[in-house]
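The block underneath contains the structure these notes are about, expressed in structure tokens.
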Amino acid sequence: MPGVAGRVARWRQADHALTRRTARSALVLAPESREPLVLAGTAMTVWDALAAPADDGALVDRVAGALGVDAGEIRGQVVSTMVALRRAGVVVES
Amino acid sequence: MILDASPRAALRAIAATGLPGAPNAEIGDEPLHVREFLCGISRERLTGLAVLAAEQGTLQLPAADLNDLFERHEDQLALDLRLEQVLAEVAGTLESARIPYRALKGPVLAHTSYPDPALRSFGDIDVLVPTSSFDMTIELLRPLEFHRRFLEPRAGFDSRFSKGACLEGANGLEVDLHRTLAPGPYGTLLARSDLFSRPAQRFVLGAQSVDGLDRETAFVHACFHAALGDDPPRLVALRDIAELFKRGFDERVVVDVIDSTGCVAVLQRAFWLLRAELGVPVTGDLADWVDRCGLSRLDRVALRTYAGPGRSYARQAVVSLWVMPSMRERFAYVFALAFPNRDYLRARDETYARRISRGVQVAGERSAR
């Protein structure tokens, strides 16, 4: 996912999102939203991995490390999750 | 091991999860019992503690029911977040208008007293404002689409005599706007204390810093909520008292507030309920002081209006007359309740004659005791 042409975009959790955790999910309510997102499985791992800013490559590596799988196996899933999280306003460019 | 296998006993065990001497939750194997138990957990807003009990192994559930519990917990947490968003908006509005306020109960305790906010859920937002700012606050919250759920008997009645007013948002979420911390005589007595005299406990919700009730007054409020709220008491209110004891607070401040307002009976009942319902030992200087205090005749009469078969708002209203500071206040209170405005009567399908007759009947019942 390219950011502004010529530089690599880094992503992070949106400031001021309201959150709760359970053992199997993270609930996130973005400042401009009225309905919390329930993130489970890979989406929860992606969310956790964005506690610190990361570009796409670093993010995929972090998620792969957390799940104990090869980065190539989950790259597509991580990228599509990222797109969904950005659309929901809970992840922003750093 | 608990001997009482009633649904309430299982809920009590969940409410006591992680506290010293907490029993396992025995809910039986019948699907109907499990369903009833899970509905009770949701109703009592104990999903966080139930999930904790399942993780700690003190609650055993079949896989499908455990999944149901997690879904209920996620639904409740989603509601908690939506309510916190409302609280942040309300706090911002009041700060902009320079109106002092204190957030109460759920969100405050979740963020300042419980080890994890997911353990303390809530169903509405409670905000205390000074009596002098009460009506203005209702006007200020109108642009946020909050309006009174119930009419007041006469203009200015709630800001002068009520515990507060329930405001309902367009999205169905509610803000309970308080001017004191309980209805009836004990709420009236506690209103003599300056609930804003101590610095707020500040906590952050998103971009908004929120003023929560200080820990000592929050403890007093938790006791009022447990002792004078629902009957049987809300288990989460009892858990609040236990969590506040764990966190610690200045007990001398609590004694000062309770002693100066004559509300020790409320703490006596709250501590008794904590021992009886959650099996939590209540010891220490504060408990010793509370146990040593005797009950007055007023206490015995007043407590009956909150718990047991004599519980009713009408009886609380009558006993409130005893503790009002002047005859003028009493007259204004009785006049407003006996002769409310016509919209108020219409909303209740009542007449002045029927209302006065019922008031006389309740007052008569009280005198006869």
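All values reported here derive from a predicted model rather than from experimental measurement. Every chain is numbered from 1, with letters handed out A, B, ... down the list of sequences.
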Under 4.5 Å to a heavy atom of chain B? For A:Ala26 that would be neither

Worksheet item: Are B:His178 and B:Asp126 close enough that a side-chain donor and a side-chain acceptor fall under 3.5 Å?
Response: yes

Discussion item. Taking A:Glu93 first and then A:Arg10, would you say they form a salt bridge - that is, a charged N and a carboxylate O separated by under 4.0 Å?
Written reply: no

query: Are the charged groups of A:Asp48 and A:Arg62 less than 4.0 angstrom apart, N to O?
result: no

Do NZ/NE/NH1/NH2 and the carboxylate oxygens of B:Glu89 and A:Arg34 come within less than 4.0 Å? yes

Check ion pair B:Arg239-B:Glu277 (N to O, under 4.0 angstrom):
no

TODO: Tell me yes or no: between the side chains of B:Glu84 and B:His111, is some donor less than 3.5 Å from an acceptor?
DONE: yes

Under 4.5 Å to a heavy atom of chain B? For A:Arg21 that would be backbone

Expected contact set for residues 70-80 of chain B against chain A at heavy-atom separation under 4.5 Å reads B:Phe70, B:Glu71, B:His73, B:Glu74, B:Leu77, B:Ala78, B:Asp80

Paired with A:Thr81, the side chain to side chain contact (heavy atoms under 4.5 Å, CB included) test is passed by just one of A:Val91, A:Thr45, A:Val46, namely A:Val46

Highest number of heavy-atom pairs under 4.5 Å with chain A among B:Gly48, B:Ala110, B:Pro117 belongs to B:Pro117

Side-chain donor/acceptor of B:Thr217 to backbone N/O of B:Asp214, under 3.5 Å: no

Whatever's closer than 4.5 Å to a heavy atom in chain A on B:Glu55 counts as side chain

